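First up is the structure itself, then whatever we jot down about it.
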Amino acid sequence: HAEGTEMLASGRGGILTALTAAAQVPGCSFTLAPASDEELDAVGLGPDGTVAENKGDFAAAHRGLRLSFQQRLKSQDFLDAPLEKVLHLATSTMTLNFAKAVATTVTRAPEGRAVAVETMLGGKPRRVGTRVQRMAKAVAQAHSWQVAPSRTDLPGRPFICFSSVREVEAKQSGLMAVLRLTLLPQGAPRGSQVLKAP
């Protein structure tokens with residue numbers, strides 16, 4: 001990819017395809033942000049028919065996402081960063097709650113450490129797409145809070161993302177593919193001093 005390139009993705013299948021494609025390019029860094037309906041309509045990405053399962057979930061509130069690709073980094077730049085925490089998104093996980101967890105964890109991570117979010121790629125395609133969509137939109141929302149906090153005294157800490165697909169040992173089904181987004185915080189959070197990693 002070229003630095004400064006942007007990609008719009010809409011719906012379960014579109015977002016899954018975009019993130020798995022990014023995983024094929026080592027060191028491919030990007031940010032995630034909600035895409036407006038106007039942006040999606042302008043490029044012919046119409047409504048995908050996604051309906052929120054209940055009023056507490058806003059995964060379908062924005063139909064799509066914008067991936068903004070940054071400079072390509074060497075794989076070691078993020079693979080060697082120790083993980084402070086890995087957050088797992090299950091089928092029952094609500095997007096808003098997950099977004100809050102992502103934002104809090106990234107803000108508090110010691111300098112030099114990364115945070116990962118991941119979800120299983122096994123199961124029925126519709127459920128896989130829903131989980132990936134929720135995870136990606138939660139990360140996009142968390143990033144939006146970091147770059148444009150509702151209050152200037154709230155700590156904010158932008159981060160860049162790296163996508164990867166890895167295999168893990170599942171209890172009943174053996175090896176299973178997992179989509180992981182590694183989030184690398186940029187600098188210290190606003191209004192507070194980040195801890196140094198030991």
Side-chain angles (χ1 to χ4, degrees), residues 1-36 39-40 42-45 48 59 62-89 95 98-99 102-103 105-106 109 111-123 125 127-144 146-147 157-169 175-187:
H1 74 280
E3 182 179 351
T5 299
E6 291 193 338
M7 176 192 297
L8 294 177
S10 177
R12 299 180 182 90
I15 293 172
L16 173 60
T17 299
L19 293 179
T20 52
Q24 303 305 310
V25 185
C28 177
S29 64
F30 56 92
T31 59
L32 281 170
S36 68
E39 288 178 290
L40 298 173
V43 295
L45 292 177
D48 59 54
H62 296 282
R63 289 190 278 118
L65 297 175
R66 184 192 316 110
L67 286 78
S68 299
F69 293 95
Q70 314 295 310
Q71 65 180 16
R72 186 171 175 180
L73 305 177
K74 295 180 180 179
S75 58
Q76 260 63 34
D77 290 340
F78 67 96
L79 290 179
D80 288 347
L83 291 177
E84 177 67 10
K85 193 171 185 178
V86 179
L87 302 175
H88 304 274
L89 185 137
T95 311
F98 199 70
V102 171
T105 306
V106 167
E111 189 173 2
R113 292 186 181 271
V115 175
V117 297
E118 62 182 27
T119 191
M120 293 285 188
L121 292 178
R127 288 195 173 188
V128 172
T130 297
R131 289 197 301 270
V132 171
Q133 182 186 46
R134 287 180 177 176
M135 181 176 75
K137 290 193 174 185
V139 171
Q141 182 60 64
H143 187 265
S144 296
Q146 303 301 324
V147 298
R157 196 181 192 191
F159 54 86
I160 56 176
C161 306
F162 301 90
S163 180
S164 61
V165 176
R166 64 193 193 95
E167 289 189 332
V168 298
E169 188 73 32
L175 291 177
M176 182 174 291
V178 168
L179 177 65
R180 168 177 285 189
L181 295 180
T182 300
L183 315 179
L184 193 60
Q186 303 294 287

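This structure is a prediction, so every number in the text was calculated from the model and none was measured.
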Heavy-atom pair with the smallest gap, counting every atom of A136 and L32: O-CD1, 3.9 Å
Under the side chain to side chain contact (heavy atoms under 4.5 Å, CB included) test, residues paired with A177 that sit two or more places apart: L121, V165
Set of side chain to side chain contact (heavy atoms under 4.5 Å, CB included) partners for T31, sequence neighbours left out: S68, Q70, H143, I160
R157 side chain vs G187 backbone, donor-acceptor pair below 3.5 Å: yes
Side chain to side chain, I15 and V132, heavy atoms closer than 4.5 Å: yes
Residues which pass side chain to side chain contact (heavy atoms under 4.5 Å, CB included) with A142, listed by chain and number, not counting sequence neighbours: V102, A103, F159
Residue of the set L87, T182, V106, T105 for which side-chain contact (heavy atoms from CB on, under 4.5 Å) holds with V117: L87
R66 side-chain N/O to E6 backbone N/O, donor-acceptor pair under 3.5 Å: no
Donor on one side chain, acceptor on other, S164 and R180, under 3.5 Å: no
Check: T119 and R134 side chains under 4.5 Å, non-hydrogen atoms: no
Least distance between heavy atoms, G112 atom then P82 atom: O-CD, 3.5 Å
Nearest-0.5 Å distance that lies between atom CG in L183 and atom NZ in K85: 13.0 Å
Contact check, side chains of Q141 and T95, non-hydrogen atoms, under 4.5 Å: no
E167: side chain to side chain donor-acceptor pair (under 3.5 Å) partners, not counting sequence neighbours: none
Those residues that, when tested against V168, pass side chain to side chain contact (heavy atoms under 4.5 Å, CB included) (two or more places apart): M120, R166, V178
